[in-house]
**Student:** 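Let me begin by handing over the structure; questions about it come next.
Residue numbers count from 1 along this sequence.
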Amino acid sequence: MTDVVIKLPIQPGEEALRFGRYLTRFMEGFSPETEERAAQSDSPLLMIRADPAAGEEAKILIFQESGMANAFSTGWMHFQSALG
C-alpha cells in the first residue's frame, strides 16, 4: 500500500482551530466498515504530524488510502471556502 502525503500550511490561531474542528468531523464520519478495516490493518488509516521545518502549525497528513486523502482534501477546501 502506498502512502498519500498531504502537507498543509496551517496558520496559528483561528485557522488552526478550524483545522482541528474539521479533522474531528472528518474522523467522526467514518463508517463502521472503515473502522473495522482499520482495526484489522497493521498500520493506521491516518497519521498526522507537525513539520518543524515549516513552522509549528504546518501539518503533514499521511493517509493509507487515496480515497480518504481525496475526501479529506476536498472537504478541507470546501470547509475553508465556506468560511470565507
**Student:** For residues 19-30, which side-chain N or O atoms pair as donor and acceptor with protein atoms under 3.5 Å away, sequence neighbours left out?
**Tutor:**
| from | atom 1 | to | atom 2 | distance (Å) |
| --- | --- | --- | --- | --- |
| Arg21 | NH2 | Glu14 | OE2 | 3.3 |
| Tyr22 | OH | Phe72 | O | 3.1 |
| Tyr22 | OH | Trp76 | N | 3.3 |
| Thr24 | OG1 | Gly20 | O | 3.0 |

**Student:** Between Ile6 and Ser73, which heavy-atom pair has the shortest distance, and what is it?
**Tutor:**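 Answer, listing the atom of Ile6 first, then Ser73: CD1-OG, 3.0 Å.
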
**Student:** Could you tell me which non-hydrogen atom of Arg18 sits nearest to which non-hydrogen atom of Phe79, and how far apart they are?
**Tutor:**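 Reported closest heavy-atom pair: O-CE2, 3.5 Å.
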
**Student:** Please write out which residues are connected to Val5 in a hydrophobic cluster, directly or through intermediates, given that two of Ile, Leu, Val, Met, Phe, Trp, Tyr count as joined at side-chain heavy-atom separations below 4.5 angstrom.
**Tutor:**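 Answer for Val5: Met47, Ile60, Ile62.
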
**Student:** Taking all heavy atoms of Ala16 and all of Ile10, pick out the closest pair and write down the distance.
**Tutor:**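 Heavy atoms of Ala16 and Ile10 come nearest at CA-CG2, 3.6 Å.
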
**Student:** Tell me whether Ser81 contacts the main-chain N or O of His78 through its side chain, where contact means a donor paired with an acceptor under 3.5 Å.
**Tutor:**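 Pair found, side chain donor or acceptor close to backbone of His78.
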
**Student:** Return the CD to CG distance between Glu65 and Leu46, rounded to the nearest 0.5 Å.
**Tutor:**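 Nearest 0.5 Å value for the CD-CG distance: 11.0 Å.
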
**Student:** How would you list, by chain and number, every residue that makes a side chain to side chain donor-acceptor pair (under 3.5 Å) with Gln11, sequence neighbours excluded?
**Tutor:**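 Partners of Gln11 by the side chain to side chain donor-acceptor pair (under 3.5 Å) criterion come out as none, since no residue qualifies.
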
